[in-house]
Amino acid sequence: QVQLVESGGGLVQAGESLRLSCVASGMLFSRYIMNWYRQAPGMGRVLVAQISPSGAPNYDLSVKGRFTISRDNAKNTLYLQMNSLKPEDTSVYYCNAQGQTGYWGQGIQVTVSS
């Protein structure tokens with residue numbers, strides 16, 4: 001029933017931008033803290049951005065000033081605007097609805113070439 005469907009990933013060159021989207025269904029989206037995680041090859045899953053139900057954001061230092069997390073509760077959609085992308089941003093990105101177990105998107109590949 002609960003689904004988080006991600007889109008907007010792909011292959012870009014360093015310095016370019018992408019916007020990820022995550023459309024939620026089957027849940028009370030507006031009540032959840034929402035997160036973007038990423039997992040690079042051979043690495044663990046890392047929280048990179050978080051947004052409260054009211055829209056207050058938090059960022060990992062590695063993306064602060066380059067990425068912007070936002071949400072549109074009327075559309076049940078979470079966004080991650082990624083600017084000035086670097087090769088080290090290459091990862092699978094995951095949308096997450098925070099909870100005891102939470103809900104996860106399927107993951108979407110972002111590849112940044114140098």
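Here, residue 1 is the first one in the sequence, and each next residue gets the next number.
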Let me see the working for Tyr103 and Asn96 under side-chain contact (heavy atoms from CB on, under 4.5 Å), right down to the final yes or no.
CA-CA 6 Å; Tyr103 302 107; Asn96 165 255; 5.9 Å; no
Side chain to side chain, [X] and [Y], heavy atoms closer than 4.5 Å:
{"X": "Arg71", "Y": "Phe29", "value": "yes"}
{"X": "Met34", "Y": "Cys95", "value": "yes"}
{"X": "Glu16", "Y": "Val112", "value": "no"}
{"X": "Pro53", "Y": "Arg31", "value": "no"}
{"X": "Gln39", "Y": "Ser91", "value": "no"}

Partner of Met82 under side chain to side chain contact (heavy atoms under 4.5 Å, CB included), picked from Val63, Leu18, Val48, is Leu18
Side chains of Thr77 and Asp72: any donor to acceptor distance under 3.5 Å?
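No, no side-chain donor-acceptor contact under 3.5 Å.
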Do Asn83 and Gln81 have side-chain atoms, one donor and one acceptor, less than 3.5 Å apart?
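There is such a pair (donor and acceptor under 3.5 Å, judged by atom type) between the side chains of Asn83 and Gln81.
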With a 4.5 Å cut-off on side-chain heavy-atom distances among I, L, V, M, F, W and Y, is there a chain of contacts connecting [X] to [Y]?
{"X": "Leu20", "Y": "Tyr59", "value": "yes"}
{"X": "Leu28", "Y": "Ile33", "value": "no"}
{"X": "Val110", "Y": "Val5", "value": "no"}
{"X": "Val12", "Y": "Phe67", "value": "yes"}
{"X": "Leu78", "Y": "Tyr32", "value": "yes"}

Closest heavy-atom contact between [X] and [Y]?
{"X": "Leu80", "Y": "Ala49", "answer": "CD1-CB, 4.1 Å"}
{"X": "Ala97", "Y": "Leu4", "answer": "N-CD1, 4.0 Å"}
{"X": "Ser114", "Y": "Pro87", "answer": "CB-CG, 3.8 Å"}

Identify whether NZ of Lys or CZ of Arg in Arg45 sits under 6.0 Å from the centre of the six-membered ring of Tyr94 and within 45° of that ring's axis.
yes
For the pair Gln3 and Ser25, evaluate side-chain contact (heavy atoms from CB on, under 4.5 Å) and give the outcome as yes or no after the intermediate values.
CA-CA 5 Å; Gln3 283 192 301; Ser25 60; 3.6 Å; yes
Find the distance between [atom1] ([X]) and [atom2] ([Y]) and round it off to the nearest 0.5 Å.
{"X": "Asn35", "Y": "Cys22", "atom1": "CG", "atom2": "SG", "result": "10.5 Å"}
{"X": "Ser84", "Y": "Lys86", "atom1": "OG", "atom2": "NZ", "result": "8.0 Å"}
{"X": "Ser62", "Y": "Asp89", "atom1": "OG", "atom2": "CG", "result": "7.0 Å"}

Is there a side-chain contact (heavy atoms from CB on, under 4.5 Å) between Gln98 and Gln50 once you walk through the steps?
CA-CA 9 Å; Gln98 189 163 304; Gln50 179 181 83; 3.3 Å; yes
So Thr111 and Gln109, side-chain hydrogen bond (donor to acceptor under 3.5 Å, both in side chains) or not? Walk me through it.
CA-CA 6 Å; Thr111 302; Gln109 180 70 45; 3.1 Å; yes
Centroid-to-centroid, Tyr37 to Trp104, below 6.0 Å?
yes
Show your working on side-chain contact (heavy atoms from CB on, under 4.5 Å) between Gln1 and Met27 and close with a plain yes or no.
CA-CA 8 Å; Gln1 178 80 342; Met27 58 176 279; over 6 Å; no
